[in-house]
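Sequence lines set the chain letters: A, B, ... in the order given, protein chains first and strands last, and positions in each chain run from 1.
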Amino acid sequence: MEKDQDKIISDVTTTEYKYGFYSDIEMDRIPKGLSEEVVRLISAKKNEPEWLLEFRLKSYHHWLTMKMPTWPNLKIAPINYQDIIFYAAPKERKNTGNIDDIDPELKKTFDKLGIPLQEQKHLAGVAVDAVIDSVSIKTTFKETLAEMGIIFCSFSDAVKEYPDLVKRYMGSVVPYTDNFFATLNSAVFSDGSFCYIPKGVRCPMELSTYFRINSANTGQFERTLLIADEEAYVSYLEGCTAPSRDENQLHAAIVEIVAEKNAEVKYSTVQNWYPGDKDGKGGVYNFVTKRGMCKGENSKISWTQIETGSAITWKYPSCILRGDNSTGEFYSVAVTNNHQQADTGTKMIHIGKNTKSTIVSKGISAGRGQNSYRGLVKVLKNATNARNYSQCDSLLLGDKCGAHTFPYLEVDNSTAIVEHEATTSKIGEDQIFYCNQRGISTEDAIGLIVNGYAREVINKLPMEFAVEAQKLLQISLEGSVG
Amino acid sequence: MLVINNLKASIDGKNILKGISLEIKPGEIHAIMGPNGSGKSTLAAVLAGREFVKVTEGTVTYFGKNLLEMAPEDRAKEGIFLGFQYPIEIPGVSMVNFMKTAVNEHRKFKGLEPLTASDFLKMMRDKKELVEIDSKLANRSVNEGFSGGEKKKNEIFQMAMLEPKLAILDETDSGLDIDALRIVANGVNKLKRPDNSFIVITHYQRLLDYIVPDIVHVLYDGRIVKTAGKELAFELEEKGYDWIKKEIENTVS
Ligand SMILES: Nc1ncnc2c1ncn2[C@@H]1O[C@H](COP(=O)(O)OP(=O)(O)OP(=O)(O)O)[C@@H](O)[C@H]1O
Ligand SMILES: [Mg+2]
């Protein structure tokens with residue numbers, strides 16, 4: 001029986017990362033290390049206005065007073081910030097919106113990743129902003145969207161073209177003092193996506209940002225700001241990959257979402273950063289602050305995440321439910337295989353009356369993977385009739401991996417109803433054999449079972465990406481049987 | 001199609017099968033009977049390829065190939081089907097998805113294209129009728145929350161979908177009411193062809209009223225101690241196993 005288990009485990013833990021290639025693109029990199037000069041240099045490279053440089057410097061000086069938190073259930077090798085390149089951009093290329101201005105090597109890279117930079121008819125349902133290392137290189141369907149008043153562009157462009165919107169909302173959900181990595185991001189953020197949906201507009205296509213780390217020793221610090229004005233609706237998706245490298249790479253992003261009255265934002269992530277090799281060497285440190293503010297009444301923000309990559313994932317996409325009757329949702333599947341670690345979950349802060357939140361978290365651990373769910377449900381004094389339902393499931397493959405659950409509850413209003421359910425299950429040898437006996441290989445059997453387990457979350461993804469996510473889940477767990 | 005020669009096998013170092021020889025020809029139905037714990041399911045497990053049963057001696061040849069070297073999924077695709085004594089529940093995996101994967105794996109093995117969704121659903125419908133299985137079961141997760149009898153019917157349904165050459169049915173009749181028993185037996189009879197064979201493991205002669213075996217074996221303490229025609233089943237039903245035990249003790253001493 002031992003043998004069987006071992007075989008299953010070794011089968012699923014010998015995975016190859018498909019996106020590990022490196023593209024030889026001419027890059028403009030600044031020297032390694034972090035200092036006030038570096039912050040000024042980044043700002044200068046981007047021709048930023050004075051107010052933004054001030055924001056960066058303020059953040060940098062605050063960051064110097066902070067220490068990396070130690071509360072997560074993670075083992076993290078010390079990070080040497082003087083060893084990281086904080087800005088790298090493909091040379092001489094700007095996001096002009098014209099496909100011909102893009103380096104053919106870059107185009108090839110995104111082709112290889114399956115990301116359309118051309119506005120293809122059959123992909124008309126998705127608009128893409130492609131970010132490589134520190135800059136956005138192409139945003140598709142900009143004009144089509146502009147006709148409806150929708151702004152979808154790189155963060156840098158937004159700073160230049162819509163400074164008032166950026167000034168008004170940037171840092172309003174994640175203040176520059178928020179936490180160690182958010183503060184670092186506020187000082188050195190490079191690029192990212194900006195999106196504004198005006199009053200009463202339902203965005204007719206999926207908006208998506210595709211993040212790619214390419215250069216070595218480079219940190220990726222992107223910033224995304226999404227604003228849905230009153231009665232607006234948008235569904236947004238981000239995807240991420242990186243080359244396979246032996247050293248760890250830092251990714252510390254910020255995503256801020258604001259939903260005004262009656263607005264709805266769906267934010268989906270398919271995170272597939274390089275996870276490191278099977279001995280735990282290399283991989284991306286994914287330390288991200290994502291937070292949404294349901295500002296107006298009846299607003300709704302829903303996070304869906306499929307986390308399969310990264311050596312370490314540390315993130316808690318959260319909702320501040322300020323508007324009365326507002327709704328927050330968090331649907332998550334996090335896979336840890338080999339030596340991957342994840343400490344992820346959400347915070348639902350109920351401030352308004354009749355606010356509702358739903359949390360569905362599905363952890364999958366294989367190999368020596370460690371998966372922790374950490375969730376806070378907080379109901380403030382005035383939040384009468386707040387409702388929360390949390391469900392945290394863990395699925396284990398083998399007995400060298402671990403699953404942990406840390407639910408925190410702070411309820412200051414007696415009318416609140418808060419429910420929490422948790423289960424832990426194992427993929428049994430019997431289940432695998434039953435599949436084998438029907439002609440299904442062990443890999444496919446695990447794929448079937450895992451996808452069945454994660455279906456509730458996968459179903460929340462936009463259709464186009466659900467299939468992709470399913471494949472990704474299977475790939476991240478399966479290996480060559482032999 | 002199947003030749004078992006002096007097969008010995010153990011579980012956790014304990015000898016369970018102690019030298020089994022058996023030959024099954026195309027079109028034959030063999031019944032295996034025998035007291036609890038005699039090794040019937042263990043024999044089925046060896047044939048299906050469960051790793052925890054260690055073969056210590058003997059050979060198993062299936063269509064001229066060494067069966068014991070084949071991976072369980074390959075045995076399945078080569079036409080061996082095991083109807084489990086205790087079917088396994090797989091929460092979250094729908095029967096439709098499960099069967100579609102299985103059927104298409106079988107097709108791929110034969111060099112055929114996967115079935116289209118509509119062809120597959122039509123096949124499901126046809127086979128469901130054939131084995132009179134409740135359509136609702138097919139929309140649920142594999143065996144999850146199925147009653148004992150439903151699980152057994154579901155095994156027959158899967159057999160009908162996969163059309164095996166050699167089906168091993170391990171106590172598929174246990175826990176079935178009379179109607180279900182008839183359905184299961186009818187399922188088997190409808191699937192019977194001159195070129196496929198069955199091993200039917202059972203404790204009850206009444207199943208053999210419906211599925212008429214060519215040969216009946218009695219497995220006792222890891223050995224086949226008696227092989228005869230279908231009349232043996234009646235004798236066992238009437239007299240139990242004691243007389244066989246006595247016979248063996250007499251020959252041993
Ligand atoms: N997984 C296992 N681990 C340990 N012992 C086992 C295991 N499976 C079977 N055995 C033992 O092997 C022997 C034969 O069991 P087997 O299940 O083959 O009997 P059977 O003839 O099918 O009985 P029944 O009529 O009750 O189904 C029994 O003594 C049983 O306890
Ligand atoms: Mg048995």
Side-chain angles (χ1 to χ4, degrees), chain A residues 1-11 333 360 362-364 391 393-397 423-459 466-467 470-471 473-474 477-478 480-482, chain B residues 11-12 44-45 47-54 70-84 86-110 140-144 151 154-155 157-159 161-164 167-168 170:
Chain A
M1 230 174 278
E2 282 283 282
K3 260 265 180 76
D4 253 25
Q5 282 283 13
D6 288 351
K7 183 170 175 297
I8 292 170
I9 295 162
S10 76
D11 282 351
V333 174
V360 176
K362 305 257 178 186
I364 302 170
Q391 183 192 328
D393 297 332
S394 306
L395 184 67
L396 303 173
L397 282 80
T423 66
T424 300
S425 48
K426 262 191 160 182
I427 293 189
E429 208 189 311
D430 284 350
Q431 292 173 326
I432 303 275
F433 182 74
Y434 193 74
C435 295
N436 288 160
Q437 214 303 305
R438 300 304 185 241
I440 301 169
S441 68
T442 299
E443 285 184 359
D444 290 345
I446 289 171
L448 268 178
I449 295 169
V450 164
N451 279 314
Y453 167 78
R455 192 167 50 204
E456 207 181 332
V457 175
I458 289 173
N459 283 348
V467 179
Q470 247 180 43
K471 272 192 248 155
L473 272 187
Q474 188 164 347
L477 283 167
E478 81 186 7
S480 48
V481 179
Chain B
I11 297 173
D12 294 338
L47 296 179
R50 282 227 82 156
E51 265 182 47
F52 69 80
V53 188
K54 296 279 168 278
M70 292 162 69
E73 61 269 31
D74 292 335
R75 300 182 195 201
K77 288 182 280 192
E78 291 277 14
I80 292 183
F81 178 90
L82 172 61
F84 286 69
Y86 305 108
I88 308 297
E89 301 193 3
I90 312 180
V93 178
S94 71
M95 270 306 293
V96 174
N97 215 352
F98 179 69
M99 277 332 290
K100 196 164 78 192
T101 310
V103 166
N104 284 333
E105 285 299 312
H106 277 71
R107 290 179 66 87
K108 192 157 93 192
F109 186 74
K110 292 183 191 133
R140 293 183 17 200
S141 292
V142 177
N143 292 322
E144 193 186 23
K151 282 182 182 167
N154 191 26
E155 295 293 290
F157 167 67
Q158 294 176 46
M159 179 178 80
M161 292 290 289
L162 298 173
E163 299 181 328
I168 305 156
D170 192 354

With sequence neighbours left out, the residues meeting side chain to side chain donor-acceptor pair (under 3.5 Å) with B:K77 are none

Looking at every non-hydrogen atom in both residues, tell me the closest pair between B:A76 and A:G439 and how far apart they are. CB-N, 3.4 Å

Chain A contact via B:P164 - side chain, backbone, both or neither, heavy atoms under 4.5 Å: neither

Taking every heavy-atom pair that is under 4.5 Å apart, which of A:E456, A:Q431, A:Q437 has the most such pairs with chain B? A:Q437

Do the non-hydrogen side-chain atoms of B:V103 and A:R438 ever get within less than 4.5 Å of each other? no

For chain A, which candidate among B:V93, B:L82, B:I90, B:L162 shows the most heavy-atom pairs at distances under 4.5 Å? B:L82

Quick one: closest heavy-atom pair of A:L448 and B:F98, and the distance? CD1-CD1, 4.2 Å

Say you draw a straight line from OH of A:Y434 to CD of B:E89; how long is it, rounded to the nearest 0.5 Å? 10.0 Å

Take B:Y86 and A:D430 through the side chain to side chain contact (heavy atoms under 4.5 Å, CB included) test and state the conclusion after the steps. CA-CA 10 Å; B:Y86 305 108; A:D430 284 350; over 6 Å; no

For the interface with chain A, which of B:H106, B:M99, B:R75, B:Q158 has the highest count of heavy-atom pairs at distances below 4.5 Å? B:Q158

Across all chains, not counting sequence neighbours, the side chain to side chain donor-acceptor pair (under 3.5 Å) partners of A:Q391 are A:Y389, A:D393

Where does the angle between the aromatic ring planes of B:F84 and A:F433 fall among parallel (under 30°), tilted (30 to 60°) and perpendicular (over 60°)? perpendicular

What part of A:R455 gets within 4.5 angstrom of chain B, counting heavy atoms only: side chain, backbone, both, or neither? side chain

Measure B:I80 against the heavy atoms of chain A and call it side chain, backbone, both or neither at under 4.5 Å. both

Which bit of B:D74 is near chain A, if near means a heavy-atom gap under 4.5 Å: side chain, backbone, both or neither? neither

Take atom NZ in B:K151; do more than 12 heavy atoms of anything else shown fall under 6.0 Å from it? yes

